[in-house]
Amino acid sequence: MVCCTLHSRTLAKDMNIETDIMFGIPVGHTTLPLELCDILKNLKGQEQKKTTDDPKHYDVLVNHQYVKNDLTNLFSIWVNNTYGNKDQKWKMVTNWITDNSDGSAMGRHRHYNCMFSAVLYFDTVADGQGNLILESPLQQSDFFFDRRNQPSTMFSAREYRCPLFEGLILFFPSNLYHSYPKYKPSDKYMVRRSFACNFAPIGKLGFVDSSLDTNLLQHDG
């Protein structure tokens, strides 16, 4: 029995255990030119606490098609390189601007009828005042460790706190629940403004009995 114990200790000391990432959830991010951000500053947004279902609020780029195209092309390059879908085409399906003037919390939610979403901070914004929190979609164990005084790793984290600064655009899967807590604005005159949009794949998708060609879809009125 003693020999087995000593052998196990020696084995653990001498062996190097490699760790692979089985399933990855990407978040893309880059900084956009301020010239593009300046275009969005002139567009009307909705107050976060008073959003409506009026369709006109969900295509704020209707008169700026080149901006919509540029953002879609940027997203397409990232998502196709990330997932290895070299020739897949994408379309921006909705886009809107949200204004938060009093530091109200954004409730937990996710986006439907799309595959990826994006958020762009095009105006003055302060880190720590509404940083987006993305929740892990992976099922968690029933055991909950106390990690209040320990840093999380990519395997233990239950959420991801996004950075926040002017010009930053984030891309993430639409099925991720996200939110941010209430905060106290550092400047009572500063409005936290953000542009958001959703993307869906278009063209020929899948194969055989699990195929869809969006070019053949008809508008149903």
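Side-chain atoms are counted along with the backbone in the values below, which use heavy atoms only and exclude waters and symmetry mates. In this text, all values refer to a predicted model and were calculated from it rather than measured experimentally.
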Exercise for the section: Any salt bridge (charged side-chain N to carboxylate O under 4.0 Å, His left out) involving residues 18-34? Give me the pairs, sequence neighbours left out, ordered by first then second residue. Expected result: none
Problem - Sequence neighbours excluded - salt bridge (charged side-chain N to carboxylate O under 4.0 Å, His left out) pairs with any residue from residues 167-180 - result: none
Exercise for the section: If you link ILVMFWY side chains whenever their heavy atoms are less than 4.5 Å apart, which other residues fall into the same cluster as Y121? By chain and number, please. Expected result: I25, V27, M106, V119, V125, L132, L134, L138, Y160, L164, F165, L168, L170, F172, L176, Y180, Y183
Exercise for the section: Tell me who clusters with L205, hydrophobic residues only, linked when side chains sit under 4.5 Å apart either directly or through other members. Expected result: L212, L217
Practice task
Mind checking salt bridge (Lys or Arg N to Asp or Glu O under 4.0 Å) for D213 and listing every partner two or more places apart, or none if nothing turns up?
Solution key: none
Exercise for the section: Hey, could you give me each pair passing salt bridge (charged side-chain N to carboxylate O under 4.0 Å, His left out) that has a residue in residues 70-98? Not counting sequence neighbours. Expected result: none
Exercise for the section: Any chance you could pull the hydrophobic cluster mates of F155, using side-chain heavy atoms under 4.5 angstrom and chaining through other members? Expected result: I21, M154
Practice task
Sequence neighbours left out, what pairs pass salt bridge (charged side-chain N to carboxylate O under 4.0 Å, His left out) with at least one residue falling in residues 124-137?
Solution key: R108-E135
Exercise for the section: Check the pair F199, F75 against ring pair (Phe, Tyr, Trp, His ring centres under 6.0 Å), reporting the backbone distance first and the verdict last. Expected result: CA-CA 9 Å; F199 297 97; F75 163 74; 4.1 Å; yes
Handout entry: salt bridge (Lys or Arg N to Asp or Glu O under 4.0 Å) involving K41 - partner list, sequence neighbours excluded
Key = D38, E166
Problem - With sequence neighbours excluded, residues passing salt bridge (Lys or Arg N to Asp or Glu O under 4.0 Å) with D146 - result: R148
Exercise for the section: With sequence neighbours excluded, tell me which residues meet salt bridge (Lys or Arg N to Asp or Glu O under 4.0 Å) with K50. Expected result: none
Handout entry: Residues which pass side-chain contact (heavy atoms from CB on, under 4.5 Å) with K184, listed by chain and number, not counting sequence neighbours
Key = none
